[in-house]
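As C-alpha cells, the structure follows; a few thoughts come after it.
All chains are named by letter (A, B, ...) in the order of the sequence lines, taking the proteins before the strands, and each is independently numbered beginning at 1. All figures in this text were calculated on a predicted structure; none of them were measured in a lab.
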Protein chains: 2
Amino acid sequence: MSNSPNIPTLFDVAREAGVSTATVSRCLNEKQKVSQKTLDHVMKTIEALGYTPNFNARAMAAKRTNTIGAIIPTMENAIFARGLQAFQETLLTHGYTLLVSSNAYKPQLEEEQIRTLVARGVDGLLLIGYERPPEIYSYLERRGIPFILAWITLADQDHPSVGFDNCAAMRMLADKVLSMGHRKIGYISGIIEGNDRARGRLEGVRESLAAHGLDPDNLPVIETAYEVETGAQAFEAMMQADPKPTVVMCGNDVLAAGAIGKAKQMGLRIPDDVSITGFDDIELASILDPSLTTIHVPHRLMGGTAAQELITMIEEQSSGVRRTLDVRLELRESLQAV
Amino acid sequence: MSNSPNIPTLFDVAREAGVSTATVSRCLNEKQKVSQKTLDHVMKTIEALGYTPNFNARAMAAKRTNTIGAIIPTMENAIFARGLQAFQETLLTHGYTLLVSSNAYKPQLEEEQIRTLVARGVDGLLLIGYERPPEIYSYLERRGIPFILAWITLADQDHPSVGFDNCAAMRMLADKVLSMGHRKIGYISGIIEGNDRARGRLEGVRESLAAHGLDPDNLPVIETAYEVETGAQAFEAMMQADPKPTVVMCGNDVLAAGAIGKAKQMGLRIPDDVSITGFDDIELASILDPSLTTIHVPHRLMGGTAAQELITMIEEQSSGVRRTLDVRLELRESLQAV
DNA sequence: TTGTAGGCGTTATCAT
DNA sequence: ATGATAACGCCTACAA
C-alpha cells in the first residue's frame, strides 16, 4: 500500500469520466443541468474513485457552507444537550450542518469562539442569552452574519430571539410559593455575571416578594456554579441561617438536585421540613425523590424553533423575529404549603 | 451602513500595511521570521482592520486544520457529554478545535458523518466503539487519517483505542450480584445491533452466570433504547414474569433510573422487593433514591486520554496504542443480598 | 448540454 | 527579512 494517501479530486473524476470539471461539479450541485446519461456515468465514476468533495474548497468557491454555528455554556447541562439536539435535527432536515462550541460558562471566551466560527464561514449563528459586549453585535452585523439568541427573550431589546421570559417564569413560581404561605425563602442562584438568564430568575423572585409586600433585599441569596455539588454546599450553608428558610428556591434543577441530596443527608424531610424548587424541568426533575417542583421549559421546541427561524433569516435574507415560548409551572412533591 | 459586508482579507492587510501578503502571513504563523518592527506594524493594522484569517482558505493552503472530529451516539447521555467535554478541553490546550457530530444511535449514519468530517479536513477522528463496517477502517487508513476508538477495548483487535472491557466490567458486577445470593436475574439491555458496548455488557452477565453453573440462555433479556422511559417500560414488563426476578440489572444508568422510577410507581420497595443495578456511574446514579449500585467508568479520564493519544498520533505520526482503563464496582443502596 | 477559465484567501517555495 | 507567485480544490459566469 502506498504510504502517501492519494485523495481523488474533482479533476480526477473529470479526467476519469472524460468530461470537464464543470460537468462533474454540476452533477453534484445542479443535477437538472446535466443529461441523464452523463449524470449516471459521472456518478458511477465518483463512486468508483471514492470521491468526496473537499469542503473547504467548496466553501471558498461558493462562499457558502451550509453550516450553522452554536455557542453554548456547556454540553453537560441537559437543557442545552436537548435543545441543541433538536436544533441539529431541524437543521439537518434543511440540509445544514451544526458546529458546536462550548465555553464552560466563561462568557469572555465567547468573542473568540464567534470569530472562529465566522472564520469558518458559518452561514448563521445561535447564541445563548442576550448579554454580551455590544462590539459583538456590531461585528456580526457588519459582516452580515444572521444570528439568533435563545433561552431568553427580553421586551427591551430587539435582536431576533426565541426563548422565554426568565424573570416572569420565576416570578410565577415565587408567587405560587408565597401563596402557599411561605415567608422565609432562600434562593440559590447560578453565577449572574454574564448570565442574564440567571439574573432574570433572581429578579423574578424579588419582584414577587415586592408584589407581596415583602422586602426583596431581605432575600438570602447564594450565588454558585450550576453543579450538583455546589448546589448541595449552598443548601447546607443556607440552612445554617436562623430562622431557617421554609423553602429553598434554586436557579435550576441541577442546583435543586444537589439541594435535595444534601437535605436528605442532613436528615431533613422534604417537603415536611423544607420545600425545594428548581427551574428547567430536565428529566431528572421527575426522577428525583421527592419529585421536583419546577418551571417547565420546552427546550426541544426552543431548539427546533430557533433552527427554523435562523434558516428563514438566512434563506429569505429576513431580519428575524422575536418569539416567546410559554413555560408552565410543574407542581410536584418537593413543594408543600407551610 | 453599506449593505454589502466588506470583509478584510490578507491582501487588504498587506496593502494597508505596505507589505506583501507573504509577510502578513508570516506575522500570523511564523513570527520569528519577521523583524520586530514590521511585526508590530502589521499586527496593528490587522487589529485596526478587524481582520480574521479565513479558515477555509488556510485549510486549503496548509492542508491542515488543527481540527479534530468526533462522532458520538448522542449528546443527551451524560457519559458522552462528560467524556467529550474532557476531550475538548485537552484538545484546546494543544491548540486543536473539536468538531462533534452525533447520530442518535443510528450507526448507519456514521459512515457519511465520517466522510463529512474528513471532507472538512479534520486532522484526526474520535469514534465510539469498535464495531463498524471494515470499509470504514480501510477508508480511513487509505486516506491516512489518524483515529482512535473510545469507550471500549477489545483484546482481539488492534486499532488504537482507549476504553475499558465492557464485558469484564459487567461480569464483575454480575459476580457480585450472584455472590449476594440472587438467582433470578432479569437484564435490560440497550439496543445491541451496532453497539458493541451493549453487547459486551450482556455477554458479561452471561459469562458470570455460566461461571456460576447457571444457564445463560435462561436469562430474561429485554432490549430497548437507552432512555428513562423505555427503561421504565422494560422494567414493568420484566416484573410480569413468574417467578419475578429478585434483581434487575440494567445496561446503563439511564435505563436503571427508569426502572427505579417505575418500581416505586408500582409500589415496590428497592432493594427489599427487588434490587436494581446500572452501569456508567453518571452523576444521576448517586442522586437517585435509593442510590444506584453501578459500575464506575472514568469518562473524563477517558476523554482526556483519548485526546492525548490522538494528538500524539497526529504529531508524531505514530500508529497509536491501546489503553485499557480501570473501572470499579460502586456498591450503593439499590442492591441488597437476597 | 458541456467546456473554458477566472477567482475564492491562504500558505509555502523560490528568489532577492 | 521580504516579495512574487504558484498551488490548494472547487464553483460559476461566460462561451460554445
Side-chain angles (χ1 to χ4, degrees), chain A residues 4-43 45-46 49-67 115-116 118-123 143, chain B residues 4-43 45-46 49-67 115-116 118-123 143:
Chain A
S4 60
N6 191 24
I7 298 156
T9 70
L10 232 211
F11 183 78
D12 297 324
V13 176
R15 180 162 35 71
E16 187 69 17
V19 298
S20 73
T21 58
T23 298
V24 179
S25 176
R26 289 192 194 98
C27 289
L28 258 23
N29 307 308
E30 332 172 79
K31 302 193 198 309
Q32 71 284 6
K33 289 192 175 178
V34 173
S35 82
Q36 188 62 45
K37 185 157 161 289
T38 36
L39 178 61
D40 290 344
H41 178 55
V42 168
M43 289 315 253
T45 89
I46 283 180
L49 266 53
Y51 167 76
T52 316
N54 178 306
F55 175 88
N56 298 113
R58 176 177 269 187
M60 248 182 94
K63 294 175 168 308
R64 193 142 190 300
T65 59
N66 285 307
T67 296
R115 285 183 183 277
T116 300
V118 169
R120 278 178 180 262
V122 294
D123 298 332
R143 320 250 324 197
Chain B
S4 60
N6 190 26
I7 298 156
T9 71
L10 233 210
F11 182 80
D12 297 324
V13 177
R15 180 162 36 69
E16 188 69 17
V19 298
S20 74
T21 60
T23 297
V24 179
S25 178
R26 288 192 196 98
C27 290
L28 258 22
N29 307 306
E30 335 172 77
K31 302 192 199 310
Q32 71 285 5
K33 290 191 176 180
V34 173
S35 79
Q36 188 62 45
K37 185 157 160 289
T38 37
L39 178 61
D40 290 345
H41 178 54
V42 169
M43 289 316 253
T45 88
I46 283 179
L49 266 53
Y51 165 76
T52 316
N54 178 308
F55 175 88
N56 298 113
R58 175 176 269 190
M60 247 181 97
K63 295 179 170 307
R64 189 140 195 305
T65 58
N66 285 308
T67 296
R115 285 183 182 278
T116 300
V118 169
R120 278 178 180 263
V122 293
D123 298 332
R143 318 237 344 186

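Closest of all the heavy-atom pairs between B/Arg143 and A/Thr52 is NH1-OG1, 4.2 Å. Nearest heavy atom pair, residue A/Leu10 against residue A/Thr21, reads CD1-O, 3.7 Å. What you find for B/Val42 and B/Ala17 is that their closest heavy atoms are CG2-CB, 4.4 Å.
The CD atom of A/Glu30 sits 13 Å away from the P atom of C/dT2 (whole-angstrom rounding). Here the C1' atom of nucleotide C/dT2 and the CZ atom of A/Arg15 are 19 Å apart, to the nearest Å.
Using a 4.5 Å heavy-atom cutoff, the side chains of B/Thr67 and B/Arg120 are not in contact.
When only modelled atom types and interatomic distance are considered, B/Arg26 and B/Thr38 share no side-chain donor-acceptor pair under 3.5 Å.
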How would nucleotides 2-11 of chain D be written as a contact map, 5' to 3', with B for base contact, S for sugar-phosphate-only contact and - for no contact, using protein heavy atoms under 4.0 Å? BBBB--BBBS

